[in-house]
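A note on names: the letters A, B, ... follow the listed sequences, proteins ahead of strands, and every chain is numbered from 1.
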Amino acid sequence: MALTLDSLNPQQRAAVERTEGPVLILAGAGSGKTRTLTARMAYLIEEKGVAPENILAVTFTNKAAREMKERVESLIGSAVNGLWIGTFHSICARIMRIEAEVMGYTRSFTIYDVDDQARAVKKVISTLSVPQQLYTPKMIQNRLSRVKNQFLFPEDLYAIEDRQGLDEYLPSIYLSYQRFLKENNALDFDDLLIKPIELFKENPDIRKKYADRFRYVMVDEYQDTNKAQYLFIKELVKDHKNLCVVGDEDQAIYGWRGADISNILDFKKDYKDATVFKLEENYRSNKNILLAANAVVKNNTERLGKDLWTQRPDGEKLEVLVGQTDLDEAKKLLEKIHDEVFTRKRSFKDIAILYRTNAQSRIIEDTLRRNAISYKLVGGVKFYERKEIKDIVSYLKLIVNQRDSIALKRIINFPLRGIGDTTVGKIEKFSELEQIPLFEGLGRVEEVASISPAMSQRVTGFYNLITKFIKLSTEISAVELASTLAAESGIMHHYQTEYDQYESESRVQNIQELFRSIEEFDERRREEGREADLESFLEEVSLMADIDRMNTEDNSVTLMTLHAAKGLEFPVVFITGLEMGLMPLQRNSANLNELEEERRLMYVGMTRAEERLYLSMSRSRRRNNSFNKTMPSLFLDEIPRDLLHVTGYNSASASSDYGRSRRHKTKVKSYLTREVENQSTDDTYKVGQKVYHATFGKGIVRQLEGQGDRMKISVDFTDEGITKKLIKEFANLTPLEE
DNA sequence: CAGCTGTATCTTTTT
DNA sequence: GATACAGCTG
């Protein structure tokens, strides 16, 4: 079956056919970038006769990788084996799994996530003379990660003269931290990127092996690559230069993670004879949406500049929703969802609600749940970060890699076995003295003088349990191992008998879901003809983003952060919380680069929408436990007035207010102040007043005591049949009109 | 010395 | 509104 490129436009097609040498595809939002990339892979295989194993494709999420592989297979009409496609982290982990010994690890190395990393940092700084009250583990963690992303080593940091503040301690922390990881046979997320580069630099023959294998390299979302990722790719392609990168500088939103936008801006300098293709026709969004998004992003200065256009219809205007409070905002979203689904006959799964911070989801979730609208939440507390899952995963990690002291310490006394911190501390000291891994120390607990026989028996019990499972792990399947383990360790029993019935059920369910996902992993790997050992499963778990687990089948509304929405599209999109300080989010000082990144984030959000885009805000919002009045986001100002339709309470004044807010800031402020004052006058609630509460539902005010924010309000909640006494400041009640 | 209970402290975005 | 840590109790 011959491959047809007829469905591509001339630019896309040209980019597909240019298979040799460096290629930069500047692909605007919705310009068919995935289609182009997949067509290019299919073209290489089908038309150029390139073997799939000679192609490496890097995507931003595992989900994108999966989808791309499927699309290539459907273009070609048969299964594609041997193609390497995945995220930087998963590809690097795969290489490290093969080459671990060369770099001084075993192939059973553990991958440390942020939580493990924090524990490691804590452990390390406790042994150094770092003023701990001045620098939190989290600060240190961020700095370390940033430095590593820039491919800097401790010696580079030592070389910097006159180091101030944290920089004074950073090099020695870095050095000890790396030593700690190695002792634990562990790599953190950043190591996954760095180690392969070191490997390539120190072992030219190994570099050559991979460079020869990957004759054609493609990188998606190139604007979000960091220095280490840039170097990794560079090592691979420096002989043949067959590198095709795709990206959009307007969608660079990971600067805070060390992504360097100049990787894409300077691509032509790095790869001298690069051919550049621009994809500027947008196939996704209606004209009004695209015009609005363009109008916002054109306020940025760091751009290569594209002119995105569309042949699609104008569509409706963008609707601006203004709530009085965050709860009110959520209810306005709800109304519009009802409207879209019941009047306009759309499906719930066509709708996405986006926000800047995860914390914003709760109030929206509550409102949706109260109204029986099913939703799926991406991000927040991620599945594999749930306590009950991490417990079991930690057992598995220790079984696979006994040098992992972080996993060990997490579970040695969970479920409770009467082995406390003091005992662990003693064994730790003993192990350090003997220069053996902590786990080995457990096996020799009797040699630790200060530990009583009764206590060492408990420790030995734990040691024997793990040893038994290490042996079992070579005999039974991963699922069997995990479920036997959950039973015999007492974890299952612990959660089944938990005090809170509801919590207990959901935890047990999650554990069962974990077993299912191990089984699925097993099947999937077998189909691909790859190994399905426990190590690979744990690796997948470590590198799995929440978005990768997103199910697009079931008919429910999607809730996620603007970051998580990158690369996705929905017929109807809500961007919520469009207020100064929240979107754009402001920390400390307003720095211009940060503002531009926030603006790009806004642009990413807007360009997710195909047909309808709602922009919502609230005039007051509860943040950090206090209720604050808000100012409309400046991004709303940047959208031409005639593309907007403002609805909601008091819409006329709202729209004119932020339409002029730049020139008339004082006026806006006074207006908003007035609004908020109106809200907090004491006649908001009177006896007999109908109110709404996110958790308890509708109710009637029965009694009022005291004044102001401290006022106590007694409410009969009709749905629940209960009476509650609430403090006004925290009650989060909304008055309902009669 | 383990385990429980109450308080402090947050919440940017993620592989 | 959840988690981590300090401090108390048995």
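Computed from coordinates, the Gln223(A) CD to dT13(B) P distance equals 20 Å when rounded to whole Å. dA2(B) atom C1' lies 13 Å from atom CD1 of Ile412(A), rounded to whole Å. Rounded to whole Å, the distance from CD on Gln360(A) to C1' on dT12(B) is 10 Å. Rounded to a whole Å, the CG atom of Asp421(A) is 13 Å from the C1' atom of dC4(B). Going from atom CD of Glu597(A) over to atom C1' of dT14(B) covers 12 Å, rounded to whole Å. Note: NZ (Lys148(A)) to P (dT15(B)) measures 18 Å, nearest angstrom. The interatomic distance linking Leu585(A) (CG) with dT11(B) (P) rounds to 13 Å, in whole Å. Tyr254(A) places its OH atom 11 Å from the P atom of dT13(B), with the value rounded to the nearest Å.
Side-chain atoms of Leu416(A) lie closest to dG3(B) of the nucleotides dT15(B), dT11(B), dG3(B). In this structure, of dC5(C), dT11(B), dT15(B), it is dT15(B) that holds the atom nearest to the side chain of His89(A). Closest approach to the Arg458(A) side chain among dT15(B), dA2(B), dT14(B) is made by dA2(B) (side chain taken as heavy atoms from C-beta onward).
Neither OP1 nor OP2 of dT15(B) sits under 4.0 Å from any side-chain N or O of Asn149(A). For dC1(B), the OP1/OP2 oxygens have no side-chain nitrogen or oxygen of Thr423(A) closer than 4.0 Å. In this structure, Arg362(A) reaches the dG1(C) phosphate: one of its side-chain N or O atoms is under 4.0 Å from OP1 or OP2. At the phosphate of dT14(B), OP1 or OP2 sits under 4.0 Å from a side-chain N or O atom of Asn358(A). Residue Thr61(A) places no side-chain N or O under 4.0 Å from the OP1 or OP2 atom of dT15(B). One finds a side-chain N or O of Thr422(A) lying less than 4.0 angstrom from the OP1 or OP2 phosphate oxygen of dA2(B).
In this structure, Met602(A) CE and Glu638(A) CD are separated by 8.5 Å, a value rounded to the nearest 0.5 Å. Atom CG of Leu442(A) sits about 7.0 Å away from atom OG of Ser431(A), to the nearest 0.5 Å.
Mapping Phe189(A) and Gly418(A) onto DNA chain B via the closest heavy atom, the residue that lands nearer the 5' end is Gly418(A). When the nearest nucleotides of DNA chain B are assigned to Met455(A) and Val114(A) by heavy-atom distance, the more 5′-ward of the two goes with Met455(A).
Using a 5.5 Å limit on the distance between ring centres and a 30° limit on the angle between planes, the aromatic ring of Trp256(A) does not count as stacked on the six-membered base ring of dT12(B).
The six-membered or imidazole ring of Phe180(A) lies away from that of Tyr112(A), with a centre-to-centre distance of 6.0 Å or more.
Ser108(A) and Asn401(A) share no donor-acceptor pair across their side chains, judged by distance under 3.5 Å alone. Side chains of Thr59(A) and Asp220(A): a donor-acceptor N/O pair is absent below 3.5 angstrom, by distance only. Checked by atom type, the side-chain pair Gln251(A)/Glu249(A) shows no donor-acceptor distance below 3.5 Å.
At a threshold of 4.0 angstrom between heavy atoms, the contacts of Asn413(A) are confined to the sugar-phosphate backbone, with no base atom among them. Contacts of Ala359(A) with the nucleic acid, taken as non-hydrogen atoms under 4.0 Å apart, are absent.
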